[in-house]
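Okay, structure first, notes after.
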Amino acid sequence: MPTDAVGRFLAALGPERREAVTGRPQEEQERLAAAWEQELASDDELDTLDELSPPAAEAEAARRVLERDA
């Protein structure tokens, strides 16, 4: 399992979205990963989901970040 923010963010994405993000410049990937970590830390709804399923919470946060970025 990846331990860096970008690696964890990429792991939370589905295969198609992961491929799209890995095609972006490293700085962009780092920006998205930072936004993803912020989303996980600041959303109470995700805290509840994280207690039930950490992977589901991470995937939902990643989806939200990419939707805002589009």
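Since this is a predicted model, take the numbers as computed values, not measurements.
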Take Gln38 and Val65 through the test side chain to side chain contact (heavy atoms under 4.5 Å, CB included) and record every step on the way to the result. CA-CA 10 Å; Gln38 180 64 34; Val65 166; over 6 Å; no

Smallest heavy-atom separation, Leu66 atom then Arg17 atom, equals CD1-CD, 3.7 Å

Contact summary for Ala62 and Phe9, nearest pair of heavy atoms: CB-CE1, 3.8 Å

Intermediate values then yes/no, side chain to side chain contact (heavy atoms under 4.5 Å, CB included), Glu39 and Arg68: CA-CA 11 Å; Glu39 182 76 17; Arg68 281 196 302 266; 2.9 Å; yes

On a heavy-atom basis, which atom in Trp36 and which in Glu58 lie closest, and how many Å separate them? NE1-O, 3.0 Å

Go through the steps to decide whether Asp43 and Glu60 satisfy the test side chain to side chain contact (heavy atoms under 4.5 Å, CB included), and finish with yes or no. CA-CA 11 Å; Asp43 191 303; Glu60 175 61 17; over 6 Å; no

Atom CD of Glu28: over 12 foreign heavy atoms under 6.0 Å: yes

Contact summary for Ala61 and Leu40, nearest pair of heavy atoms: CB-CD2, 3.7 Å

Do the charged groups of Arg64 and Glu67 touch, with an N to O distance under 4.0 Å? no

Answer whether the closest heavy-atom distance between the side chains of Asp69 and Arg24 falls below 4.5 Å. yes

Nearest 0.5 Å, please: how far is CD in Glu37 from CZ in Arg8? 5.0 Å

So for atom CD, which belongs to Gln26, do other residues, nucleotides or ligands contribute more than 12 heavy atoms lying within a distance under 6.0 Å? yes

